[in-house]
Amino acid sequence: MNAQNAAGQSNYEDSLYVPEVALNRKPHKGKKFDTLDDAYEFYKKYAKEGGFSIQINSSKICKESNDIIRKEYVCFKEGQARQSKVVNRKRRRGIIRGGCSANLVVVKYEFGKYMVRIFVEEHNHTLSSPRMVHLLRSHRSMSAVQKSLSQQLAAVNIPTYILYEHFQSEKEKNSSFFYNIKAGCDDRITHCFWADAICRRAYKFYGDVIVFDTTYNTNRYNMIFAPFVGVNNHGQTIIFGCGFLSDETTESFLWLFEQFKEAMPGDDPKMIITDQDPAMILHLAYWHILNKFLERLSKTVHTENYRHFQKCIWESNTIEKFDALWKDVIDKAKLIENEWLQGVYEIRSKWVHAYVNHVFSAGMSSSNRAESNHAIFRRALSQQRHEELIADNKDLNERPMLRLPLQIEKKMSEIYTCEIFYIFQDELWNSLLHAIELVKENEDCLVYNVVNQEDGVSKVFEVLYDKKLDFVSCICKKFKSEGIPCTHMLALFKKLQISFMPNIYILKRWTKAAKLERVMDRDGVEINDCSNKSILLRRTKLFQFTSNVIDKVVLSEVASEIVIENLEDALEKVKLVMESCRSEGVLEKNSGMQQPHFNEPLQIRAKGCGKRLKGGKEKAKEKAKGKDKGRRCNGCGLVGQSHDKRNCPLLIKRCHYNSTGALTKATKLRTNSNPNCVLISITSLKDVELWKHLL
């Protein structure tokens with residue numbers, strides 16, 4: 001095999017990275033501090049701005065005075081980590097240390113103060129971006145004031161935006177925000193679609209496969225929530241765009257897909273996965289089908305044949321094998337006349353793995369991605385993006401633990417993201433357990449049989465090497481469907497002594513470099529995930545500065561008054577500047593354009609929705625007016641209590657009494673120590689009356 005196209009064969013010299021920090025915020029030899037805390041805080045702020053984390057490495061204490069006379073702070077990648085021998089852990093930890101020599105050493109001098117003796121600013125690793133630096137260990141802490149403020153803000157019930165106004169606001173912050181709203185009678189919203197810049201950029205990198213699901217309805221308006229979902233280079237669920245539809249007609253879906261196509265940069269997806277739907281059938285998930293077997297078949301038939309159906313679906317590598325196994329199961333179970341199974345079989349090309357495993361699906365099957373994505377929306381989209389940021393930070397600052405002394409493993413640990421590398425690592429590890437044998441050769445190809453030597457079932461996988469295309473393929477088709485070389489292909493690579501993975505088998509979407517590319521929309525305009533006017537950046541800096549000021553003055557009433565007076569003066573100056581801008585037309589909007597008007601959809605009471613859910617502010621008002629008397633406990637009958645029937649103190653009270661008679665209402669539990677003693681658990685108001693009578 002031609003290995004000239006192999007990745008990672010070039011040698012690179014070690015690079016040094018110097019943090020870009022202003023001189024007045026950078027340490028230097030001879031700089032003095034009043035205390036060690038001051039030195040630590042200064043170096044920590046420098047590290048945060050520079051993009052790395054710090055830790056204390058060593059301290060030297062004077063024996064006579066017991067004072068610290070020397071302290072060394074180092075980069076969090078200082079030193080070398082020992083390679084662990086434990087490999088089969090549920091939680092895989094990467095290696096952070098990498099021999100970085102950046103440090104700061106302060107020593108004590110006269111009058112109990114400290115001075116910088118050594119300062120090394122060069123690092124041997126890439127530095128974190130401002131978006132990820134808060135994830136580093138020494139920068140994760142929150143002050144007591146910040147924690148208190150965060151809790152108070154979380155408790156505030158902020159009223160919602162009108163949808164159009166919210167979209168307009170997002171568009172003003174970032175011109176790359178895309179949305180469209182369609183209205184029906186009385187200008188009520190019937191369709192809408194939106195995608196922010198992060199969603200649109202993500203589609204460019206990971207839009208080869210999308211999951212589209214319309215099974216989630218909102219209770220308030222009975223509109224269909226339709227998210228477009230994908231998977232990123234960490235294997236995490238991500239959002240490409242979202243829509244709301246008032247119905248599931250073909251016209252509504254066409255409108256939605258037109259909006260999606262207009263918003264997304266790049267090519268059309270290679271695969272769209274969705275549930276069976278009256279308006280569109282693209283893929284029917286076998287997971288759903290297997291779960292419906294008990295519902296559609298009798299209990300006896302299900303018990304006797306479920307595993308056979310499961311084996312037929314999961315273990316069929318080829319179409320021919322699936323068809324043969326399916327026919328065998330149907331004949332043995334005498335289910336030839338079952339109409340539901342006939343219908344399922346007719347659309348087998350849309351859900352059976354053997355029919356679709358030649359199409360790249362990024363490892364996604366059925367709409368389980370979209371279903372899990374509903375949970376993501378319940379816990380907020382920002383949380384999902386935060387997890388992606390954590391994964392990006394992990395790839396930047398950690399190296400996966402290696403299990404084998406092979407160059408191919410080492411190189412792929414540098415190319416793949418951590419999560420994808422661990423999948424590849426398992427495949428590589430398993431490849432060592434397989435034996436490979438050449439069974440056929442001609443001028444066009446070589447055919448090998450690969451067998452697991454430790455598996456009791458001698459299942460044979462056929463691996464083909466095409467000489468003309470210089471390409472390896474396997475009958476399991478894992479690489480075609482998931483984009484990661486399978487165990488059987490890697491077994492052949494090892495036999496052919498291929499030390500580096502050829503580029504043709506490395507999908508960029510699974511690599512750390514997946515997002516290192518400019519993204520342009522269909523009009524040639526760059527899609528940025530931040531405002532062109534750097535509004536968010538300025539906002540972040542202002543928040544950081546004011547937060548630091550508040551932390552310093554909040555405990556002093558005098559200091560707080562000083563800050564308030566200065567802020568009032570500053571506010572007056574800001575007003576003058578803003579008025580000047582308006583007079584010059586800088587902030588004027590195009591008032592000549594008539595803004596569209598939209599009304600909210602009609603609210604409905606869905607079946608089983610119960611009482612309307614009230615917001616925190618509405619509950620607080622009712623409680624203040626005395627309308628909300630609190631809930632009633634069906635156990636004790638009291639109103640306004642914090643308990644209900646399940647944890648009512650009266651009902652869970654257990655009493656003892658001596659009796660040999662039978663009780664029909666109370667639960668009798670005889671103790672081991674005293675057979676004549678019965679514990680009575682009162683479970684209803686009738687039991688209360690019974691207990692009173694017995695007493």
Side-chain angles (χ1 to χ4, degrees), residues 16-82 84 93-128 130 132-148 393 396-398 544-545 547-556 558-559:
L16 293 178
Y17 302 85
V18 178
E20 296 182 4
V21 180
L23 289 175
N24 63 330
R25 296 192 294 274
K26 180 184 293 188
H28 58 81
K29 191 174 180 179
K31 184 173 180 61
K32 299 174 182 177
F33 300 97
D34 292 335
T35 65
L36 279 174
D37 288 340
D38 292 341
Y40 175 75
E41 288 299 323
F42 186 88
Y43 193 46
K44 190 170 81 166
K45 288 181 180 178
Y46 163 77
K48 186 174 183 179
E49 188 172 350
F52 65 99
S53 180
I54 65 170
Q55 59 191 25
I56 299 172
N57 187 47
S58 63
S59 300
K60 187 176 181 180
I61 300 176
C62 176
K63 294 181 179 180
E64 290 78 14
S65 61
N66 205 31
D67 293 336
I68 298 175
I69 58 176
R70 186 183 185 275
K71 198 138 196 164
E72 180 184 19
Y73 306 98
V74 297
C75 173
F76 73 127
K77 287 182 176 286
E78 178 271 344
Q80 297 290 344
R82 291 179 296 179
S84 175
R93 294 182 179 273
I95 301 171
I96 296 178
R97 294 179 181 269
C100 183
S101 58
N103 71 341
L104 178 78
V105 178
V106 294
V107 296
K108 193 173 184 179
Y109 76 110
E110 58 186 11
F111 307 118
K113 297 186 177 182
Y114 292 85
M115 179 175 62
V116 176
R117 174 66 60 83
I118 301 172
F119 173 54
V120 178
E121 62 176 334
E122 296 86 3
H123 297 256
N124 68 346
H125 56 89
T126 54
L127 302 169
S128 294
M132 294 190 289
V133 72
H134 68 284
L135 299 173
L136 301 178
R137 183 176 294 276
S138 63
H139 309 309
R140 294 178 193 166
S141 60
M142 293 178 65
S143 66
V145 175
Q146 289 172 324
K147 290 179 181 178
S148 176
N393 180 69
L396 181 66
N397 294 302
E398 292 186 17
Q544 289 178 346
F545 180 78
S547 178
N548 291 334
V549 172
I550 292 172
D551 285 348
K552 291 182 181 299
V553 306
V554 70
L555 298 179
S556 170
V558 176

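All values below come from the heavy atoms of this structure, side chains included, with hydrogens, waters and symmetry mates left out. All residue numbers in this chain count up from 1 along the given sequence.
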Over all atoms of both residues, closest heavy-atom pair of [X] and [Y]:
X: N393; Y: S128; answer: OD1-OG, 3.8 Å
X: I96; Y: E398; answer: CG1-CG, 3.5 Å
X: C100; Y: N124; answer: CB-OD1, 3.3 Å
X: R70; Y: S58; answer: NH1-OG, 4.0 Å
X: A559; Y: V553; answer: CB-CB, 3.8 Å

(message) Holding to side-chain contact (heavy atoms from CB on, under 4.5 Å), I want the full list of residues that pass it with S101, two or more places apart in sequence or in another chain.
(response) V120
(request) Sequence neighbours left out, what passes side-chain contact (heavy atoms from CB on, under 4.5 Å) with K32? Give chain and number order. (result) Y109, M115
How long is the straight-line distance from [atom2] of [Y] back to [atom1] of [X], given to the nearest 0.5 Å?
X: K77; Y: C75; atom1: NZ; atom2: SG; answer: 7.5 Å
X: N397; Y: F76; atom1: CG; atom2: CZ; answer: 3.5 Å
X: K45; Y: N548; atom1: NZ; atom2: CG; answer: 5.5 Å
X: I550; Y: F545; atom1: CD1; atom2: CZ; answer: 11.0 Å
X: I118; Y: E72; atom1: CD1; atom2: CD; answer: 7.0 Å
X: I68; Y: S59; atom1: CD1; atom2: OG; answer: 5.0 Å

(message) Using side-chain heavy atoms (C-beta onward) and a distance below 4.5 Å, is N57 in contact with N103?
(response) no
(message) Contact between S138 and K48 at the side-chain level, heavy atoms closer than 4.5 Å - yes or no?
(response) no
What pairs with [X] under salt bridge (Lys or Arg N to Asp or Glu O under 4.0 Å), at least two apart in sequence or on another chain?
X: K26; result: E121
X: E78; result: R97
X: E122; result: none

(request) Kindly write out the residues that satisfy ring pair (Phe, Tyr, Trp, His ring centres under 6.0 Å) with Y17, not counting sequence neighbours, or none if the list is empty. (result) none
(message) So, using ring pair (Phe, Tyr, Trp, His ring centres under 6.0 Å) as the criterion, who are the partners of H125 when residues are at least two apart?
(response) H123
What residues form a side chain to side chain donor-acceptor pair (under 3.5 Å) with [X], not counting sequence neighbours?
X: E41; result: none
X: T35; result: D38
X: R137; result: none
X: K108; result: D67

(message) Test: ring-ring contact (aromatic ring centres under 6.0 Å, His included). Region: residues 18-41. Which pairs qualify, not counting sequence neighbours?
(response) F33-F42, Y40-Y73
(request) For atom NZ of K31, decide whether the heavy atoms of other residues, nucleotides or ligands shown that lie under 6.0 angstrom number more than 12. (result) yes
